[in-house]
Asker: 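The structure under discussion is supplied below as structure tokens; questions concerning it will follow.
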Amino acid sequence: MSTSAASEPGPVERSIREKLTGALNPASLTITNDSWRHRHHAAMRDQNGGSGETHFTLNIVSNEFKGKTSMQRHRMIYSLLNEEFASGLHALSLHTKTEEEIQAKSAN
């Protein structure tokens, strides 16, 4: 499981990893901190001087997603991260798959 380009993940990234791992038991979880790409936006500068943890890309493979639509999968993740959004997390780019979907894709 990889993390952001920074040498040490910050508290928001650690919290995201802990909550998603605990609730979704992922086969794979990659979290990328994209906040630096948004540091020039006024709203982001107002949050920790634009150097915080506000934007992430999540690639997660979990069988907890089985039988769920993309929207349902995203809602699962957003509900798990309510506290992080209330504390300044601004946006997530989500890529959610089941192990079966990954295997089917690699078989093609």
Side-chain angles (χ1 to χ4, degrees):
M1 290 196 249
S2 73
T3 185
S4 65
S7 59
E8 290 291 321
V12 175
E13 183 176 338
R14 287 192 303 268
S15 181
I16 291 170
R17 182 174 305 283
E18 180 181 308
K19 288 182 177 182
L20 296 183
T21 299
L24 302 176
N25 191 29
S28 172
L29 173 61
T30 304
I31 301 172
T32 305
N33 186 340
D34 299 320
S35 301
W36 64 273
R37 294 180 180 181
H38 305 274
R39 68 190 178 281
H40 63 282
H41 299 166
M44 298 305 100
R45 282 195 309 267
D46 292 343
Q47 263 182 315
N48 300 321
S51 62
E53 297 176 282
T54 56
H55 294 71
F56 289 90
T57 297
L58 306 179
N59 288 288
I60 183 167
V61 178
S62 172
N63 286 332
E64 294 295 320
F65 297 140
K66 196 170 192 163
K68 293 184 173 50
T69 65
S70 181
M71 182 69 77
Q72 289 170 322
R73 295 172 184 192
H74 292 199
R75 285 181 181 152
M76 288 171 68
I77 292 170
Y78 277 96
S79 70
L80 290 167
L81 302 178
N82 271 335
E83 291 177 16
E84 288 73 17
F85 278 104
S87 299
L89 178 59
H90 183 72
L92 297 175
S93 174
L94 300 174
H95 306 277
T96 58
K97 301 285 183 196
T98 64
E99 289 183 73
E100 186 177 291
E101 290 167 338
I102 295 296
Q103 290 169 356
K105 186 177 178 180
S106 66
N108 291 330

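Since the model is a prediction, treat every value here as computed from it, not as a measurement.
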Asker: Is any NZ, NE, NH1 or NH2 atom of the basic residue among Glu53 and Arg17 found under 4.0 Å from an Asp or Glu carboxylate oxygen of the other?
Answerer: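 Here Glu53 does not pair with Arg17 in a salt bridge, since their nearest N and O are not under 4.0 Å apart.
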
Asker: How many angstroms lie between atom NZ of Lys97 and atom OG of Ser70, to the nearest 0.5 angstrom?
Answerer: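 Separation between the atoms: 8.0 Å.
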
Asker: Check the surroundings of atom CD in Glu101: do more than 12 heavy atoms from other residues, nucleotides or ligands lie under 6.0 Å from it?
Answerer: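 Correct, the count exceeds 12.
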
Asker: According to ring-ring contact (aromatic ring centres under 6.0 Å, His included), does anything in residues 64-88 pair up with another residue at least two apart or in another chain? List the pairs.
Answerer: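 Counting only pairs at least two positions apart or across chains, the ring-ring contact (aromatic ring centres under 6.0 Å, His included) contacts touching residues 64-88 are Tyr78-Phe85.
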
Asker: Nearest 0.5 Å please: distance from the CG atom of Leu20 over to the CG atom of Leu81.
Answerer: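 Here the interatomic distance stands at 5.0 Å.
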
Asker: Rounded to the nearest 0.5 Å, what's the gap from NE2 on His95 to CG on Asn59? Could you check?
Answerer: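 Taking NE2 in His95 and CG in Asn59, the distance rounds to 5.0 Å.
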
Asker: Can you list everything that forms a salt bridge (Lys or Arg N to Asp or Glu O under 4.0 Å) with Glu64? Sequence neighbours excluded, please.
Answerer: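 Glu64 satisfies salt bridge (Lys or Arg N to Asp or Glu O under 4.0 Å) with no residue once adjacent residues are dropped.
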
Asker: Side chain of Ser15, backbone of Pro11: donor and acceptor closer than 3.5 Å?
Answerer: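 Not confirmed, Ser15 side chain does not pair with Pro11 backbone.
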
Asker: Taking only residues two or more places apart in sequence, or in another chain, which ones meet Ser106 in a side chain to side chain donor-acceptor pair (under 3.5 Å)?
Answerer: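 By the side chain to side chain donor-acceptor pair (under 3.5 Å) rule, Ser106 matches no residue at all.
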
Asker: Linking directly or through intermediates, with side-chain heavy atoms under 4.5 Å: list the remaining ILVMFWY members grouped with Val61, chain and number order.
Answerer: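 Besides Val61, the cluster holds Ile102.
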
Asker: Flag the pair Leu24 / Met76 as yes when at least one side-chain heavy-atom distance between them is below 4.5 Å, and no otherwise.
Answerer: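 Side chain of Leu24 against side chain of Met76, heavy atoms only: contact under 4.5 Å found.
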
Asker: For Asn82, check side chain to side chain donor-acceptor pair (under 3.5 Å) against everything at least two apart and list the hits.
Answerer: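 Once residues adjacent in sequence are excluded, Asn82 has no partner under the side chain to side chain donor-acceptor pair (under 3.5 Å) criterion.
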
Asker: Can you tell which of Thr32, Ile16, Thr96 makes a side-chain contact (heavy atoms from CB on, under 4.5 Å) with Leu58?
Answerer: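 It is Ile16; the other options fail the test.
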
Asker: Which heavy atom of Ser62 sits nearest a heavy atom of Pro26, and at what distance?
Answerer: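 Heavy atoms of Ser62 and Pro26 come nearest at CB-CA, 4.2 Å.
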
Asker: Using a cut-off of 6.0 Å, state whether more than 12 heavy atoms not belonging to Lys66 lie near its atom NZ.
Answerer: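 Open: at most 12 neighbouring heavy atoms sit under 6.0 Å from NZ of Lys66.
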
Asker: Is a side-chain donor or acceptor of Ser35 paired with a backbone partner of Thr54 at a separation under 3.5 angstrom?
Answerer: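 Looks like yes, one N/O pair under 3.5 Å.
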
Asker: To the nearest 0.5 Å, tell me how far His90 NE2 sits from His55 NE2.
Answerer: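 So the gap between those two atoms works out to 4.5 Å.
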
Asker: Scan residues 77-92 for pairs that pass salt bridge (Lys or Arg N to Asp or Glu O under 4.0 Å), counting only residues two or more places apart or in two chains.
Answerer: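 Found Lys19-Glu83, Lys19-Glu84.
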
